[in-house]
Amino acid sequence: MFVDKIPQVLIKIISLYLMRDQQLYLTKKGYKSFLSYTKRREKFRQKKAGYQRYLLHMKRRAEAEGRSYKSSLSNPFIHKKALPPKPEYPLNIKYLLSIPDFFSKKQFTHKDDGVFYIPECFSLLENYEESFDFLKRLFVVLHKCKCRSITLDYSKCKRIDVDASICMDVLLIEFIKHVEKCRKLGYRNLFDGGITPINFQNPDIMKVLFSIGAYRNIRGFSIKYADVEALPVLVNDHRKPEVWERSEIDQTKIVEYIKRCLKRLGRELTIEAETSFYKVIGEVMSNAEEHATMPYRFAIGFFQETHNEEEHFGIFNFSIFNFGNTIYETFKSPECPNQKTVKQMTDLSEDYTKKGWFSKADFEEETLWSLYALQDGVTSKKKKRGNGSIQYLENFFKLKGDLNKDNISKFVIVSGNTRIMFDGSYEIKEKLRIEENRKYKSITFNDSGEIFDQPNKKYVTFAPHFFPGTLISARILIKFDNTTSEQPNGE
């Protein structure tokens with residue numbers, strides 16, 4: 001036979017060659033799995049080659065017809081890599097996400113068209129309900145990332161105050177930074193249509209947007225207007241070692257800014273007034289940095305002058321705020337260092353409760369404690385301080401030339417659900433603290449001037465819209481009529 005003529009060595013070599021694949025596996029089951037895998041790979045190769053031939057055919061057909069061809073189908077043979085986890089949100093965003101009803105109790109969903117009409121009066125100082133609702137909706141849409149684009153329509157807007165403007169810009173800036181980090185990791189379709197402002201041709205709106213608003217803060221593009229004095233946002237991070245140095249620099253910038261605004265109206269701060277401003281601004285900023293549970297403090301200003309044949313005046317806007325614990329939360333915390341003040345507040349609450357002055361969603365303990373914290377000498381710290389808030393209010397309101405009421409000038413403190421508004425209707429009174437034998441200033445928003453009597457709820461309010469931190473905002477009418485010329489020692 002033919003096999004007998006083949007050397008035995010060659011037969012062994014051929015056998016080993018034919019069985020080479022089987023010898024890679026210890027069992028027949030393993031070998032069968034290998035054969036199945038091989039068939040699948042070959043089938044996949046043929047399908048892929050067929051797909052490539054199809055694309056080539058369509059390309060040649062398009063060229064023959066004189067048109068370009070680009071497949072609208074996603075390539076079925078490209079295997080997407082698993083994306084890494086998204087980066088963490090910035091600190092302010094994380095903090096706001098931890099508070100269920102911040103800004104507004106209204107529930108907004110991700111099913112949104114992404115078109116936002118800026119309120120006619122976008123202000124936390126006056127039109128705060130509509131403005132807070134707007135900010136809450138904007139936050140939800142930015143967080144859900146379901147819209148391909150966001151449009152900010154200013155067609156209905158006639159006025160923007162610095163407090164609402166900077167709150168919106170902070171949200172936009174931090175979400176934009178987060179989206180940019182996500183895109184670097186490979187995430188797509190995150191607001192790829194962009195965030196676009198439209199219909200902002202109103203000159204007053206443009207002056208805010210391009211001097212201290214979104215175009216300057218987000219795009220880095222600004223315009224200098226002849227009738228505007230701007231103080232771009234000052235941000236301090238109390239985690240940094242140079243925090244106190246930075247605070248002093250910001251104090252100087254704010255005081256110099258106030259002096260420039262007054263100079264436009266022929267006025268000048270006295271040395272005493274300038275020193276007082278340095279002191280109260282420094283103390284308020286220190287309070288914001290020491291008491292805050294979040295690291296950032298923001299300050300911003302905007303002054304617009306009106307000068308014509310009939311009148312010469314200016315509207316001065318200034319706001320300082322931080323996110324974190326409210327005034328009430330600071331004093332209510334068991335870790336509050338000044339338990340003596342807390343005891344006084346608790347006793348006052350008991351007195352109000354006995355008199356039946358607390359009412360749900362009208363005037364609550366939080367409102368009372370926030371009002372008490374405004375008084376001269378009240379502080380959550382053990383060290384002697386706590387006269388910054390009321391003197392800060394008084395000094396800024398004096399910029400108008402007097403403490404009388406007008407239809408424009410207002411000073412508002414917002415913390416949590418508490419709104420305290422000063423417009424000159426009630427006086428800041430000086431009293432004597434007998435046990436300490438020293439004078440102090442007090443504002444109680446009632447006719448008696450006593451903190452033990454109920455304040456006017458028009459000026460001290462428990463508001464349904466919750467601000468997660470503390471905001472101090474001033475809008476002051478400064479008239480040239482109050483002084484006729486610049487005087488080195490005049491106010």
Side-chain angles (χ1 to χ4, degrees), residues 162-163 165-167 169-170 211-212 216-217 228-265 267-292 294-303 314 316-324 327 373-374 376-381 383-400 411-415 422 441 469-476 478 488 491:
V162 293
D163 46 19
S165 174
I166 188 57
C167 281
D169 290 351
V170 168
S211 58
I212 54 95
R216 179 162 194 157
N217 295 329
V228 169
E229 197 69 53
L231 178 68
V233 60
L234 304 174
V235 185
N236 199 7
D237 184 346
H238 69 64
R239 298 171 300 178
K240 296 182 177 179
E242 66 274 14
V243 56
W244 301 116
E245 179 183 348
R246 179 68 188 177
S247 293
E248 291 180 0
I249 293 173
D250 288 352
Q251 288 175 44
T252 303
K253 287 183 178 180
I254 293 170
V255 174
E256 291 300 319
Y257 167 69
I258 293 170
K259 290 165 67 175
R260 291 196 304 272
C261 294
L262 291 176
K263 190 174 182 179
R264 285 173 171 264
L265 296 167
R267 299 177 59 188
E268 194 172 71
L269 286 177
T270 63
I271 296 176
E272 181 182 356
E274 184 175 338
T275 303
S276 181
F277 262 113
Y278 272 107
K279 180 181 177 182
V280 297
I281 290 172
E283 182 161 340
V284 167
M285 289 198 299
S286 295
N287 286 341
E289 286 152 7
E290 288 180 7
H291 299 173
M294 298 300 292
Y296 303 108
R297 181 265 303 147
F298 304 89
I300 190 170
F302 180 82
F303 174 85
F316 175 86
N317 285 267
F318 183 78
S319 289
I320 181 169
F321 81 94
N322 64 278
F323 292 125
I327 294 173
L374 179 63
D376 191 356
V378 178
T379 175
S380 63
K381 299 294 182 181
K383 54 186 176 182
K384 289 186 177 181
R385 211 167 65 186
N387 57 354
S389 297
I390 199 165
Q391 289 192 14
Y392 183 87
L393 182 159
E394 185 178 30
N395 279 33
F396 268 96
F397 217 74
K398 277 183 178 179
L399 289 176
K400 65 194 293 293
F411 187 98
V412 172
I413 298 176
V414 182
S415 185
F422 179 86
K441 293 185 176 181
T470 300
L471 167 73
I472 303 176
S473 188
R475 177 177 168 85
I476 307 297
I478 306 175
E491 273 195 318

Exercise. Kindly compute the distance separating CD1 (I281) from OG1 (T252), expressed to the nearest 0.5 Å.
Key: 9.5 Å

Quiz prompt | S276 (side chain) donor-acceptor with E272 (main chain) under 3.5 angstrom | solution = no

Quiz prompt | Separation of N236 CG from E248 CD (nearest 0.5 Å) | solution = 11.0 Å

Practice problem: Nearest 0.5 Å please: distance from the OG atom of S319 over to the CZ atom of F298. | Solution: 12.5 Å

Practice problem: Report the residues that fulfil side chain to side chain contact (heavy atoms under 4.5 Å, CB included) with A474, sequence neighbours left out, ordered by chain and then residue number. | Solution: F411, I476

Quiz prompt | Salt-bridge contact E256-K259 (side-chain N to carboxylate O under 4.0 Å) | solution = yes

Exercise. Write down the atom of L265, the atom of G314, and the distance for their closest heavy-atom approach.
Key: CD1-N, 4.0 Å

Practice problem: Report the residues that fulfil ring-ring contact (aromatic ring centres under 6.0 Å, His included) with F303, sequence neighbours left out, ordered by chain and then residue number. | Solution: none

Self-check item: Flag, side chain of R475 to backbone of N317, donor-acceptor distance under 3.5 Å
Solution: no

Self-check item: Closest heavy-atom pair and its distance - K253, L234
Solution: CD-CD2, 3.9 Å

Quiz item: Rounded to the nearest 0.5 Å, what separation is found between the CZ atom of F277 and the CD1 atom of I258?
Solution: 4.0 Å

Exercise. Kindly compute the distance separating SG (C167) from CZ (F321), expressed to the nearest 0.5 Å.
Key: 4.0 Å

Exercise. Look up atom CG in L262 and atom CD in E274, then write down how far apart they are to the nearest 0.5 Å.
Key: 10.5 Å

Quiz item: What orientation do F318 and F316 show, parallel under 30°, tilted 30 to 60°, or perpendicular over 60°?
Solution: parallel

Quiz item: Backbone N or O of V233 within a donor-acceptor pair of the R216 side chain at under 3.5 Å?
Solution: no

Practice problem: Determine yes or no for a side-chain-to-main-chain donor-acceptor pair under 3.5 angstrom, with N217 supplying the side chain and I212 the backbone. | Solution: yes

Quiz prompt | Shortest non-hydrogen separation from S247 to R297 and the atoms involved | solution = OG-NH2, 4.2 Å

Practice problem: Ignoring hydrogens and angles, tell me if any N or O in the side chain of Y257 forms a donor-acceptor pair with the backbone of I300 under 3.5 Å. | Solution: no

Quiz item: Taking S415 for the side chain and I327 for the main chain, is one N or O donor matched with an acceptor at less than 3.5 Å?
Solution: yes

